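Fair warning: this is a prediction, and the values are worked out from it, not measured in the lab.
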Amino acid sequence: MSFPLLTATAALPAIGAVATAAVPAARRTAAKWLALLVSLATLALAIAVLVRFDPGGGRYQLTESHAWIAEFGVRYELGVDGIAVALIALTALLMPFIILAGWHDADPLETGSRRWRPTQGFFALILAVEAMVILSFEATDVFLFYIFFEAMLIPMYFLIGGFGDHAHEHGEKAASTQRSYAAVKFLLYNLVGGLIMLAAVIGLYVVAGNFSLQEIAQARADGSLHMATNTERWLFLGFFFAFAVKAPLWPLHTWLPNAMQESTAPVAVLITAVVDKVGTFAMLRFCLQLFPEASKWATPAILVLALISVIYGALLAVGQRDIKRLVAYASISHFGFIIMGIFAMTSQGQSGATLYMVNHGISTAALMLVAGFLISRRGSRLIADYGGVQKVAPVLAGTFLIGSLATLSLPGLAPFVSEFLVLVGTFTRYPAIGIIATFGIVLAALYTLVLYQRTMTGPVKPEVSAMPDLRVREILVIAPLAVLLIFLGVYPKPVTDIVNPAVKSTLSDVHKKDPQPEVEAAK
């Protein structure tokens, strides 16, 4: 039996979470180092998955399959295509930076605090989320995927509600109330989506007789499994609703600004750069592959919702006074681009959407983490409380600028390539949608540059005059992300080579081909 590499990649952070939680309460620093080492070891395993994956090989590779609940046709089935490999690599890459950035976020607020292992619990929960996200990317059994899709809500709930941001203008009591509200709202929205998906999962089993993604998709392709049109459409909507909440897509997005605002910066990155990607990934893996005809039927409505997300998210970002809420609404706009690319049903659109998932994860991590360093120094999330930071902390301001420029998809930085591909892929089939979506780029330039101008330029405000620049630990967090943004902006080929074969297979699932360019006949 070959080494179960996919299981090991998910099991290591799960075991690390248990070990971190078990570290004695007095040894907080040891818990931090243990969590960091586990995240680095998981990154090494993710790199091994990346190396062993052959883009020219079969669709699903490194597969594992074992009987689990045989009476109900549930199996422990894992396998990865190029899209899953890219997102597993992104998840494993970001975790060490999230842990380093949150190094002091869960330290006791006062000397002699008797809170139950706050530091150990914080880092254990982060590792638990990593394990569940990776398993969600690997699972090819629908029921197995559903379990971890829902289970990740539990550690995220405690991370938002129990270890939230303490920078609140109305004091700690108000901050605690707002954190609880944000955590409950996050949980309720996602639980409702999950319950609707559970009904669809049960319905799929009734129709197909098993939960194996590969078997059901093959049966759909060869005609041995036929779904009535209305049945397929209802099942599709059950799956898509849950994924649209997770993504998040307008109008199911309202939990995200609250969750990101009240979380620490590393947890905010965990939400939008890692957990939310499960939603858009699942649209590609499950919605399009299991319900191809229903996907095509729903495409016009989904594209309109995605377009609204692009413009609405960007417009609301322009008017924000809170730095974290601004980044949250910017992310809603970016997820609109991703979903638009997925349902444009073109190779450029879906390749761009997958690349966008990776690039958005890196760019949002860079901007949000350096914003977190800024907020921790001043103790305020309000944009109006800053000014002239670049004169007293030039390295902090410089890295903030790189993250801001990546958010507006500046040419030469990674998000530009993916956004361009999404717009091209959308325009070739839906020109009106593609044209209107370009206004999202204009608005992105407005909210990011205004944010930088108001916080970093102008006269130095007295409250920031003594602000220290980035420390060594913080530079170790931001510098690699900035390098990646530049590298993938200039040379995205390593990622596109991995994801393009999977995109081609997805398009064949929905029986779509790229539109042929119209060429005028020679006169």
Side-chain angles (χ1 to χ4, degrees), residues 59-60 63-81 83-84 132 135-153 190-247 249 252 278-299 301-302 339 342-343 345 502 505-512:
R59 181 170 187 175
Y60 291 104
T63 55
E64 302 173 30
S65 182
H66 306 282
W68 186 20
I69 311 175
E71 295 82 359
F72 298 100
V74 180
R75 297 185 62 82
Y76 177 80
E77 284 190 349
L78 306 180
V80 289
D81 60 3
I83 299 169
M132 294 172 186
L135 268 171
S136 297
F137 291 142
E138 295 174 346
T140 56
D141 181 279
V142 178
F143 191 78
L144 182 68
F145 167 83
Y146 173 78
I147 289 174
F148 292 105
F149 180 81
E150 286 293 277
M152 69 180 72
L153 301 179
N190 284 275
L191 277 179
V192 169
L195 288 173
I196 292 174
M197 181 184 169
L198 178 59
V201 169
I202 294 170
L204 180 66
Y205 176 75
V206 171
V207 173
N210 65 77
F211 293 106
S212 174
L213 170 67
Q214 297 183 68
E215 290 182 15
I216 297 172
Q218 182 60 41
R220 296 301 311 276
D222 62 25
S224 59
L225 173 61
H226 175 74
M227 291 186 192
T229 299
N230 286 337
T231 300
E232 180 177 350
R233 290 177 178 179
W234 280 112
L235 293 178
F236 167 85
L237 289 174
F239 277 76
F240 181 80
F241 183 86
F243 303 152
V245 172
K246 186 85 78 179
L249 177 68
L252 306 172
V278 178
T280 47
F281 162 80
M283 292 178 189
L284 279 165
R285 171 166 280 192
F286 296 100
C287 287
L288 271 59
Q289 195 169 343
L290 293 175
F291 316 109
E293 296 306 317
S295 297
K296 290 187 284 187
W297 162 76
T299 287
I302 293 172
I339 296 170
I342 291 171
F343 284 90
M345 304 291 186
S505 297
T506 303
L507 281 178
S508 68
D509 290 334
V510 293
H511 311 293
K512 283 282 191 178

Side-chain heavy-atom pair [X], [Y] within 4.5 angstrom cut-off:
X: Phe148; Y: Glu138; answer: no
X: Met152; Y: Val278; answer: yes
X: Val192; Y: Val245; answer: no
X: Leu290; Y: Val142; answer: yes
X: Leu144; Y: Leu78; answer: yes

Exercise. Not counting sequence neighbours, which residues clear salt bridge (Lys or Arg N to Asp or Glu O under 4.0 Å) with Arg233? List them please.
Key: none
Quiz item: Any side-chain donor-acceptor pair under 3.5 Å between Thr229 and Glu293?
Solution: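 No - no donor-acceptor pair under 3.5 Å links their side chains.
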Can you tell me how far [atom2] of [Y] sits from [atom1] of [X], rounded to the nearest 0.5 angstrom?
X: Tyr76; Y: Phe143; atom1: OH; atom2: CZ; answer: 15.5 Å
X: Asn190; Y: Glu150; atom1: CG; atom2: CD; answer: 7.5 Å
X: Leu198; Y: Leu191; atom1: CG; atom2: CG; answer: 11.5 Å
X: Gln214; Y: Ser65; atom1: CD; atom2: OG; answer: 8.5 Å
X: Gln289; Y: Thr506; atom1: CD; atom2: OG1; answer: 6.5 Å
X: Phe286; Y: Ile216; atom1: CZ; atom2: CD1; answer: 9.5 Å

Taking all non-hydrogen atoms of both residues into account, name the closest pair between [X] and [Y] and its distance.
X: Cys287; Y: Ser295; value: O-OG, 3.0 Å
X: Leu235; Y: Leu204; value: CD2-N, 3.8 Å
X: Gly79; Y: Thr63; value: CA-CG2, 4.1 Å
X: Tyr60; Y: Asp81; value: CD2-N, 4.1 Å
X: Ile339; Y: Ala247; value: CD1-CB, 4.0 Å
X: Ser212; Y: Glu77; value: OG-OE1, 3.1 Å

Exercise. Flag the pair Phe149 / Phe243 as yes when their ring centroid distance falls below 6.0 Å, and as no otherwise.
Key: yes
Exercise. Check the pair Phe145 / Met197 against side-chain contact (heavy atoms from CB on, under 4.5 Å), numbers first and verdict last.
Key: CA-CA 11 Å; Phe145 167 83; Met197 181 184 169; 3.6 Å; yes
With distance as the sole test, does [X] use its side chain to make a donor-acceptor pair with the main-chain N or O of [Y] at under 3.5 Å?
X: Glu232; Y: Ala294; answer: yes
X: Arg75; Y: Asn210; answer: no
X: Tyr146; Y: Gly194; answer: yes
X: Thr140; Y: Leu213; answer: no

Self-check item: Mutual orientation of the aromatic rings belonging to Phe137 and Phe281 [parallel < 30°, tilted 30-60°, perpendicular > 60°]
Solution: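 Perpendicular.
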Quiz item: With sequence neighbours left out, what residues match Phe236 under ring pair (Phe, Tyr, Trp, His ring centres under 6.0 Å)?
Solution: Phe240
